Engineer: 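My questions will all concern the structure given below.
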Amino acid sequence: MLELKRLREDINTVKKEIEKRGAGISFDAWIKWDQTERELKVQIEGLQARKNKASEEIVALKKKQLPTDAILAEMKQVSQQVETLKLEIKTAQEEGAAFLLTVPNIPHASVPVGKNEDENIEIRQWGHRPLFPCTPRPHWEIGERLGILDFERAAKMSGARYALYQGLGARLERALINFMLDLHQHRYKEIIPPLIVNRESMTVTGQLPKFEEDLFHIGAEDAFLIPTGEVPLTNIHRNEILSHEQLPIFYVAYTPCFRREAGSYGKDTRGLIRQHQFNKVELVIFSPVESSYTLLEQLLSDAEEVLKRLELHYRVVALCTGDLSFASAKTYDIEVWMPAQGKFREISSCSNFEAFQARRADIRYRTSAGKVIHLHTLNGSGLAIGRTVAAILENNQQADGSVLIPEVLRPYMGGVERIV
RNA sequence: GGAGAGAUGGCCGAGUUCGGUUGAAGGCGUCUGACUCGAAAUCAGAUAUAGGGGAAACUCUAUCGGGGGUUCGAAUCCCUCUCUCUCCGCCA
């Protein structure tokens, strides 16, 4: 949610900034609602003040045992007027608030302006493409041949876009989870959150009200399966006032994630890239406002560190305004090299939401100057586990069909060096 | 699932029986000043958030878990939802 003050004082700049996303949002109706709301508020408050004064007068009259009929009758009327005006203001408020929940965040000044992902900017590359004696196989083929991935049986029990891991495949997935959690321990506090959250939690992080069709909904409870650990982690401090000494707060959590993937029919239909259920290690930071962009770089480098240790070739891109997600002010994607596809694929997304989520969640902190203000939230994948498995299978495949386990994972695999 | 109790400011905790200068006693904490070489102790004062008006001093409005109702007036009465606690049942 954007800052009301900013919208009121500087609507034209805000419009221009939002326009960079290419979202095509009109603020005209909101401006009217807001004006109506403020006008009605002045009227209501005037009447309210009269009522409060009258209330004191009534007490005084009663003490002196004087009649109160006249003033009671008058106040009854005033109360009715207030009632009517309140009904009017409620409509304006509800319409205005509902609209604001659908407005995306303002991109940070450093975000490159562009229409779509083609205009994202590559920041750096790390490592180099592995060389193969013959055409590298896609990871699903490798996984099925080695008997560690079974998509057919997963489809039988659940449908398309589910995976069944077996044997060393399951062990590799678990090894990655533990490796990543251990790696992030030095800065981040480990959390195991609920995987089912309520409507409000989803609204805070921005999945609702706009993207309900992407979520798995549990109708009987009006609850949702989380699409990312970001949701419960960010909601940890909902409606809280923290002290500046507590900040920044770093959290890491392993969670399964659940996504409907509505509208992505035909995309990545094979393999581990796009699943309805996948595992992820998520990093979330609660930051003082002045250091959130420094911490974004920190977050990014913490996520990169995982790929470096796994010795996987990757690049970092800065998303352009047209590719930025709804709640984000600035996002870096980390893309890992996928040899079979011959391209980089997103494996982590690190974002600074500034106060966008904090305002929705009302997460504030007391500054050293004693002011209470909304803090900044950041999150990043550190990393998506399924995609990491895919990257390892493809990048580390050998001519004989086996797959080498990255050295750092071997202690997590009981010393296994190679899947054959 | 059944029966009951509760939710008040940064924290603890009165007030709810009998609705009326109660934005809310008291304590703790925090801040400022006095005392002190300094500190502790002590004393005095200050100490919520949001929004409106005003150059400012200041002033008005809302907020006692959320929503709704009764009333001239609600922390206080009624309804409802959420959460917490106690007892019983069931359960990994």
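This is a predicted model, so every value here is computed, not measured.
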Engineer: Using purine N1 to pyrimidine N3 plus N6-O4 or O6-N4 for Watson-Crick, or N1-O2 and O6-N3 for G-U wobble, both under 3.5 Å, which nucleotide pairs with A48(B)?
Structural biologist: U63(B)
Engineer: E240(A) CD to C83(B) P: how many Å, rounded?
Structural biologist: 17 Å
Engineer: P atom, A3(B) versus A92(B): distance in rounded Å?
Structural biologist: 25 Å
Engineer: Between G65(B) and C12(B), how many Å separate the two P atoms, rounded to a whole number?
Structural biologist: 14 Å
Engineer: Are N379(A) and L283(A) close enough that some pair of their side-chain heavy atoms sits under 4.5 Å apart?
Structural biologist: no
Engineer: When you check the side-chain N and O atoms of T13(A) and D10(A), is any donor under 3.5 Å from an acceptor?
Structural biologist: yes
Engineer: Which whole number of Å gives the distance between the P atom of U49(B) and that of G9(B)?
Structural biologist: 14 Å
Engineer: Could you check, using the six-membered ring where one of them is a Trp, whether H217(A) and F224(A) have ring centers closer than 6.0 angstrom?
Structural biologist: yes
Engineer: Looking only at side-chain atoms of I58(A), point me to the closest of G20(B), G73(B), G52(B).
Structural biologist: G20(B)
Engineer: Sort out the partner of U42(B) for me: Watson-Crick or G-U wobble, both distances under 3.5 Å, none otherwise.
Structural biologist: A34(B)
Engineer: Answer with yes or no whether the side chains of K330(A) and S110(A) bring together a donor and an acceptor at under 3.5 Å.
Structural biologist: yes
Engineer: Below 4.0 angstrom from OP1 or OP2 of C72(B), is there any side-chain N or O of K51(A)?
Structural biologist: no
Engineer: Taking the side chain of E83(A) as heavy atoms from C-beta outward, which of G51(B), U61(B), G69(B) is closest to it?
Structural biologist: G69(B)
Engineer: Which value, in whole Å, describes the distance between the C1' atoms of nucleotides G29(B) and G68(B)?
Structural biologist: 37 Å
Engineer: With the side chain of N52(A) defined as its heavy atoms from C-beta on, choose the nearest nucleotide among A62(B), C72(B), G52(B).
Structural biologist: A62(B)
Engineer: Tell me what K62(A) touches on the nucleic acid: a base, only sugar-phosphate, or nothing, going by heavy atoms under 4.0 Å.
Structural biologist: base
Engineer: For residues Y188(A) and Y251(A), report the shortest heavy-atom separation together with the two atoms involved.
Structural biologist: CD2-O, 3.4 Å
Engineer: To the nearest Å, give me how far apart CG (L242(A)) and P (U49(B)) are.
Structural biologist: 15 Å
Engineer: From the options U49(B), G73(B), G51(B), select the nucleotide whose nearest atom is closest to the side chain of K41(A).
Structural biologist: G51(B)
Engineer: Which comes earlier along RNA chain B counting from the 5' end, the contact point of L72(A) or that of R38(A), where each point is its nearest nucleotide?
Structural biologist: R38(A)
Engineer: Ignoring backbone atoms, test whether Q48(A) places a side-chain nitrogen or oxygen under 4.0 Å from the OP1 or OP2 oxygen of C60(B).
Structural biologist: no
Engineer: Whole angstrom is fine here: how far is it from CZ in R238(A) over to C1' in G65(B)?
Structural biologist: 13 Å
Engineer: Using the C1' atom on both, measure C37(B) against A56(B) and round to a whole Å.
Structural biologist: 42 Å
Engineer: Between atom CD in E57(A) and atom C1' in C72(B), what is the gap in whole Å?
Structural biologist: 11 Å
Engineer: Verify the distance criterion only: is there a donor paired with an acceptor across the side chains of Q341(A) and E394(A) at less than 3.5 Å?
Structural biologist: no
Engineer: Pairing check on C18(B): which nucleotide meets the Watson-Crick or G-U wobble criteria with it, both distances under 3.5 Å?
Structural biologist: none
Engineer: Would you mind reading off the distance between E45(A) atom CD and G52(B) atom P, rounded to a whole angstrom?
Structural biologist: 9 Å
Engineer: Is A49(A) touching bases, backbone alone, or none of the nucleic acid, heavy atoms closer than 4.0 Å?
Structural biologist: sugar-phosphate
Engineer: Is there a Watson-Crick or G-U wobble partner for A56(B) with both distances under 3.5 Å, and if so, which one is it?
Structural biologist: none
Engineer: Work out how far the C1' atom of U61(B) is from that of G54(B), and round it to whole angstrom.
Structural biologist: 16 Å
Engineer: For E354(A) and H376(A): C-alpha separation, side-chain torsions, deciding distance, then whether side-chain hydrogen bond (donor to acceptor under 3.5 Å, both in side chains) applies.
Structural biologist: CA-CA 4 Å; E354(A) 297 187 4; H376(A) 284 186; 5.1 Å; no
Engineer: Taking CD1 from I89(A) and P from G52(B), how many angstroms apart are they, rounded to a whole number?
Structural biologist: 12 Å
Engineer: Among G52(B), U61(B), G73(B), which nucleotide sits nearest the side chain of S55(A)?
Structural biologist: G73(B)
Engineer: Between C79(B) and U71(B), how many Å separate the two C1' atoms, rounded to a whole number?
Structural biologist: 16 Å
Engineer: Could you check how far CD1 of I373(A) sits from C1' of U49(B), rounded to whole Å?
Structural biologist: 14 Å
Engineer: My understanding is that only one of T331(A), D333(A), T228(A) makes a side-chain hydrogen bond (donor to acceptor under 3.5 Å, both in side chains) with S349(A); could you say which?
Structural biologist: D333(A)
Engineer: R50(A) or E56(A): which one's nearest nucleotide on RNA chain B is closer to the 5' end?
Structural biologist: E56(A)
Engineer: If A24(B) has a Watson-Crick or G-U wobble mate with both distances under 3.5 Å, name it; if not, just say none.
Structural biologist: none
Engineer: Rounding to an integer number of angstrom, what distance separates A75(B) and G66(B) when you compare their C1' atoms?
Structural biologist: 15 Å
Engineer: Provide the Watson-Crick or G-U wobble partner of U84(B), both distances under 3.5 Å; none if there is no partner.
Structural biologist: A5(B)
Engineer: Rounded to whole angstrom units, what separation is found between the CZ atom of R364(A) and the C1' atom of G9(B)?
Structural biologist: 13 Å
Engineer: Side chain of M75(A), heavy atoms from C-beta onward: which of C60(B), A62(B), C72(B) has the nearest atom to it?
Structural biologist: C72(B)
Engineer: With both distances under 3.5 angstrom, what nucleotide forms a Watson-Crick or G-U wobble pair with C77(B)?
Structural biologist: G69(B)
